[in-house]
Number of protein chains: 2
Amino acid sequence: MSETITRYHHGNLRAELLACAERKLESTGVQGLSLRELAREVGVSHGAPRQHFPDKQALLDALAVLGLQRLGSELDAALGAAEGDFADRLIAFARAYVRFATTHPALLELMFARKDRADAPELQEANARAFAAPSALIAAGQADGEIDGEDPDRVAMALLATIQGLAAVITGGKIGDRPVDSVVTGTIETLLRGLRPRPAA
Amino acid sequence: MSETITRYHHGNLRAELLACAERKLESTGVQGLSLRELAREVGVSHGAPRQHFPDKQALLDALAVLGLQRLGSELDAALGAAEGDFADRLIAFARAYVRFATTHPALLELMFARKDRADAPELQEANARAFAAPSALIAAGQADGEIDGEDPDRVAMALLATIQGLAAVITGGKIGDRPVDSVVTGTIETLLRGLRPRPAA
DNA sequence: CTAGAATCTAGTCACTGTCTAGAAATGTAG
DNA sequence: CTACATTTCTAGACAGTGACTAGATTCTAG
C-alpha cells in the first residue's frame, strides 16, 4: 500500500505469502500451487518462504487454519443473525456452510484433506473452534426436545454429514440448474422431519 | 506368474501400470504417485508409460474409470442380493457405498475429483453407469409412494448427498469408535422417516 | 519375407521442493 | 556510536518429477 519500495527485509512476508497462496488456490487448485512461483509473485527469492514455513505442507496447514477461522466467523455470524425456531437456525447454519463451501471449494478441500494428522494439533483445535456454535445449536435442540433423543451426537453427526454431503454434491456440479438455497433448505427440512419425535408410529 | 522373462515388449503394460498405480494409491495417496516410480516398479523405462497414457492425468482418469466400474459392480451385487422392503434395500445400498468408500478412500477421492472435466465424457458415463441401479431403486421407491413426491430427483439428490457425506465423515475419522454399520443404518432410517409421506402434520 | 505400425529405451528440458552457505538488515548490549 | 548476535533474505546446488524427442526393437499385415 504505502510502501512499494522493495526493501531487503520484506516486512510481512508470511502474511503476504498466505494471501497470495489463497488467491492462487482458488484459481489453480492445490496441484497448481508452487512455492517458487509464490515467491516469484511476491517478489522474493525462491528460498525465502522457507524462513516462515519449513515445509510446503506447513504452508498448506497454515492456509487450512486460516480457512477454518474464516469459516468459524461466518458460521458464528450466520447463527448470531438467525432468528426463529430451531429449524430456522439450523437451516441458516447449513446455508452459511454451503455458501462457504461453494465460494472456496479448494480451501475447503485443504481444510478437510488429510485424515488423522495427529502432528497438527492446531488444525484440530481450529476445527473444533469453527464448529463450536453449530455444535451448541444442535445440543440445545436436543435439550429442548426438538430432536429425538437416542444417541445425542449420532444425530449431530448425521446432520453434519448431510450438510457436508450437500456441499460436496453442489461443488461437484451435480446439482444442475436447481437453486442452491432451496435444495439445502428442502433437504434439511426433510431430515428434521425425520428427527422430530412423533407421538405414534 | 508364468512369465518372469523380461521381454522387450512387456505384453500388457497398461493393465499392470494401472494395477500397480492403484496399489500405490491406497498406500501413498495421489500426491505420492509418480509415473517414473511406477515405471521403475514395473521394470520399464521412464518413458514407456507415455505410450499408453499421454498424460499423468490420463492415468488418473483411467484409474477413476476402473474405480467407478468396480463401485458399480459392488453396488449392483449389494442391491441384487438385498431383500425386504424399500428401506432395507436402500440401507443395503448405503452400506455397500460406505464400505467401498472406507476401503478405497484415495480411489474415491480420485473418482469424484472436483472438476467439471467436460473433456472426459467416459468418466461421466462410467459415473452414470455405476449409479444406475441405486437411481432405479430410488425412482421405484418414488413410484411406489414410499417417498414423498415433490421434486423427484431432489430427494434422490438428498439421499445421495447424505450417503456421500456419511462416507466423508467416516473416512475423515470423525466417527470415533462407533460401529459404522449402525451409524449408516440409523442415519438412513432417520432420513427415510422424514421422507415418508405422513397423513397429517 | 518385408514394409509399416506399435512399443520401448535413452537422452534432454524446464520445473519443483528441499538443503546449504553466506550476504544483508535488524536488534541489542556495552 | 560501536560490536556482536539474530533474524531475514539471496544464491547456488541437488535429486526428483512430468513432458518431449529421436531412435532402437519387436510385432504384424500384406
Side-chain angles (χ1 to χ4, degrees), chain A residues 2-25 27-64 106 109-110 113-114 117 119-120, chain B residues 2-25 27-64 106 109-110 113 115 117 119-120:
Chain A
S2 54
E3 310 217 31
T4 7
I5 315 116
T6 48
R7 302 169 296 182
Y8 189 90
H9 276 43
H10 182 285
N12 58 343
L13 221 198
R14 192 189 142 97
E16 197 156 338
L17 278 176
L18 283 175
C20 189
E22 187 176 344
R23 229 176 302 132
K24 204 94 187 174
L25 185 66
S27 61
T28 69
V30 191
Q31 292 284 355
L33 203 61
S34 151
L35 282 181
R36 291 176 105 106
E37 185 180 359
L38 228 58
R40 241 174 277 136
E41 290 194 12
V42 177
V44 101
S45 82
H46 69 265
R50 192 158 208 278
Q51 211 65 226
H52 304 273
F53 306 101
D55 210 324
K56 186 182 184 181
Q57 188 60 44
L59 188 267
L60 296 182
D61 284 355
L63 268 181
E109 187 181 353
L110 213 61
R114 283 306 163 204
R117 292 203 68 61
D119 54 323
Chain B
S2 55
E3 309 219 33
T4 8
I5 315 113
T6 48
R7 302 169 297 182
Y8 189 89
H9 275 43
H10 183 285
N12 57 344
L13 221 197
R14 191 190 142 98
E16 197 156 338
L17 277 175
L18 284 174
C20 188
E22 186 177 344
R23 227 177 303 132
K24 204 92 186 174
L25 184 65
S27 62
T28 69
V30 191
Q31 292 284 354
L33 202 62
S34 150
L35 281 182
R36 291 177 105 104
E37 186 181 359
L38 229 55
R40 239 174 278 136
E41 291 194 11
V42 176
V44 99
S45 82
H46 68 264
R50 193 158 210 280
Q51 212 65 225
H52 304 272
F53 307 101
D55 210 324
K56 186 182 185 181
Q57 188 60 46
L59 188 267
L60 297 182
D61 285 355
L63 268 181
E109 186 181 353
L110 214 60
K115 281 184 179 179
R117 300 208 59 62
D119 54 324

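The shown structure was predicted, so the numbers you read here are calculated from the model rather than taken from an experiment.
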Q. Does OP1 or OP2 of C:dC8 have a side-chain N or O of B:His52 closer than 4.0 Å?
A. yes

Q | Distance, rounded to the nearest Å, where B:Gln51 contributes CD and C:dT7 contributes C1' | A | 5 Å

Q) When the distance from NZ of B:Lys24 to P of D:dT17 is rounded to whole Å, what number comes out? A) 10 Å

Q. Between B:Ser34 and D:dG16, is there a side-chain N or O to OP1/OP2 distance below 4.0 Å?
A. no

(Q) Between C1' on C:dT7 and CD on B:Glu16, what's the gap in Å once rounded to a whole number? (A) 15 Å

Q: Determine the minimum heavy-atom distance between A:Thr28 and A:Gly32, stating which atoms define it.
A: OG1-O, 3.2 Å

Q: To the nearest Å, give me how far apart CG (B:Asp55) and C1' (D:dT17) are.
A: 13 Å

Q) Do A:His46 and A:Leu35 come within less than 4.5 Å of each other through their side chains, counting heavy atoms only? A) no

Q) Between the side-chain atoms of B:His46 and the base atoms of D:dG16, is any donor-acceptor pair under 3.5 Å? A) no

Q) Considering heavy-atom distances to DNA chain C, does A:Pro54 or A:Glu37 have its closest nucleotide positioned more toward the 5' end? A) A:Glu37

Q. Tell me: CZ of B:Arg40 to P of D:dA15, nearest whole Å?
A. 14 Å

Q: Assign A:Leu33 to base, sugar-phosphate, or nothing according to its heavy-atom contacts below 4.0 angstrom with the strands shown.
A: sugar-phosphate

Q. With nearest nucleotides of DNA chain D determined for A:Ala48 and B:Leu35 from heavy-atom distances, which residue corresponds to the more 5′ nucleotide?
A. A:Ala48

Q) With a 4.5 Å heavy-atom cut-off, do B:Leu60 and B:Leu33 have their side chains touching? A) yes

Q: Write down the distance between CG (B:Leu13) and P (D:dT25), rounded to a whole number of angstrom.
A: 19 Å

Q. Contact class for B:Leu38 (heavy atom, under 4.0 Å): base, sugar-phosphate, or nothing?
A. nothing

Q. What is the distance, rounded to the nearest whole Å, between atom NZ of A:Lys56 and atom C1' of C:dT18?
A. 12 Å

Q.
Given A:Phe53, which partner from the list A:Leu18, A:Leu13, A:Asp61 fulfils the side-chain contact (heavy atoms from CB on, under 4.5 Å) test?
A. A:Leu18

Q. For B:Lys56, what residues pass the side chain to side chain donor-acceptor pair (under 3.5 Å) criterion, not counting sequence neighbours?
A. none

Q. In whole angstroms, how far is the C1' atom of D:dT17 from the CZ atom of B:Phe53?
A. 18 Å

Q: Measure distances between side-chain N and O atoms of A:Arg36 and base N and O atoms of C:dG17, and say whether any donor-acceptor pair falls under 3.5 Å.
A: yes

